[in-house]
Amino acid sequence: QVQLVESGGGLVQAGGSLRLSCSAARRTISGYAMGWFRQAPGKEREFVGVVNWSGSSTLYVDSVKGRFTISRDNARDTVYLQMNGLKPEDTAAYSCAASSFAGIPASPLQYEYWGQGTQVTVSS
C-alpha cells in the first residue's frame with residue numbers, strides 16, 4: 001500500500017507562487033502515474049494535472065495550463081506541483097493520488113491511493 005503525504009500549502013496573495021510536495025512512504029511511486037486533484041468548499045473534486053510514471057508526459061486541466069507544473073523525482077519518491085500566478089479561484093484543498101493505470105489518467109476513479117490533502121488559500 002502506498003501512503004501519500006502532501007505538504008507546502010498555505011496562504012498566498014494573488015499572483016504569488018507555491019510548491020506542493022507529495023511524498024510516498026512504505027512503497028515506491030516509480031511505477032505509478034501521479035495526479036493532483038483539488039476540492040473547494042461546496043464543489044466537486046476537480047482534476048488538476050497528472051504526470052506519467054516516468055515523468056515524460058503530463059496533462060493539465062485548462063484552467064491551470066501555463067501556470068502549474070507537475071514534476072516527479074522517483075529516486076526520492078516525491079511528486080511536486082509548482083503553482084505560479086495563483087488566483088483566488090485556485091483556493092482549495094489539494095490532494096495527490098497514485099494510479100497504476102497506464103498513461104495519464106484524469107479520472108479520480110482511476111486512482112488507488114490518496115493523500116490527506118493540503119490547503120491552499122489565495123487572497124485577492
Side-chain angles (χ1 to χ4, degrees):
Q1 186 171 0
V2 180
Q3 288 188 331
L4 302 172
V5 179
E6 302 92 341
S7 61
L11 174 64
V12 63
Q13 288 188 334
S17 298
L18 282 174
R19 188 177 80 156
L20 306 184
S21 298
C22 170
S23 298
R26 292 193 176 185
R27 191 170 175 178
T28 180
I29 63 168
S30 61
Y32 292 87
M34 296 298 297
W36 285 94
F37 292 80
R38 64 187 179 185
Q39 188 166 20
K43 294 188 176 181
E44 292 187 355
R45 182 162 53 192
E46 177 187 31
F47 168 78
V48 175
V50 58
V51 59
N52 73 334
W53 70 273
S54 68
S56 62
S57 295
T58 54
L59 176 69
Y60 301 94
V61 67
D62 286 347
S63 60
V64 308
K65 283 181 181 177
R67 299 188 298 123
F68 290 12
T69 303
I70 297 175
S71 60
R72 65 189 297 160
D73 184 341
N74 285 341
R76 290 182 166 83
D77 286 320
T78 302
V79 179
Y80 304 98
L81 178 64
Q82 178 66 44
M83 305 185 293
N84 299 327
L86 282 162
K87 305 175 181 180
E89 51 263 43
D90 294 318
T91 295
Y94 284 71
S95 298
C96 65
S99 172
S100 60
F101 277 73
I104 42 177
S107 168
L109 299 177
Q110 295 174 299
Y111 288 80
E112 295 102 305
Y113 304 107
W114 292 82
Q116 292 297 313
T118 184
Q119 180 66 36
V120 172
T121 302
V122 185
S123 63
S124 57

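For the pair Tyr60 and Phe47, the tightest heavy-atom approach, listed with the atom from each and the gap, is C-CE2, 4.2 Å. Closest non-hydrogen pair, Ser99 versus Gln110, comes out as OG-O, 2.6 Å. Nearest heavy-atom pair across Tyr111 and Gly35 is CE2-N, 3.6 Å. A pairwise comparison of heavy atoms in Asn84 and Ser17 identifies OD1-OG, 2.9 Å as the closest pair. Nearest heavy-atom pair across Ala24 and Val2 is CB-CG1, 4.1 Å.
Sparse packing is recorded around CD of Gln116, with 12 or fewer heavy atoms of other residues, nucleotides or ligands lying under 6.0 Å away.
Taking CZ of Arg38 as the reference point, atom CD of Glu46 lies at 4.5 Å (rounded to 0.5 Å). A distance of 8.0 Å separates CG in Asn74 from CH2 in Trp53, rounded to the nearest 0.5 Å. Expressed to the nearest 0.5 Å, how far OH of Tyr94 lies from CE of Met83 amounts to 5.5 Å. How far OG1 of Thr69 is from OH of Tyr80: 14.0 Å, rounded to the nearest 0.5 Å. Taking CG of Asp77 as the reference point, atom CZ of Arg26 lies at 14.5 Å (rounded to 0.5 Å). Here the OG-CZ distance, from Ser30 to Arg76, works out to 15.0 Å after rounding to the nearest 0.5 Å.
Looking at heavy atoms from C-beta onward, Val51 lies out of side-chain contact with Trp36 at the 4.5 angstrom threshold.
Legend: salt bridge (Lys or Arg N to Asp or Glu O under 4.0 Å) pairs involving residues 94-115, not counting sequence neighbours: none detected.
The closest donor-acceptor contact from the side chain of Glu6 to the backbone of Gly117 lies under 3.5 Å. In this structure, Ser124 contributes its side chain and Pro88 its backbone to no donor-acceptor pair below 3.5 Å. Under the 3.5 Å distance criterion, the side-chain polar atoms of Arg72 are matched with a main-chain donor or acceptor of Ile29.
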- Criterion side-chain contact (heavy atoms from CB on, under 4.5 Å) on Phe68 and Val61, from CA distance to verdict: CA-CA 10 Å; Phe68 290 12; Val61 67; over 6 Å; no
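The pair Asp90-Lys87 does not count as a salt bridge, with every side-chain nitrogen at least 4.0 angstrom from each carboxylate oxygen.
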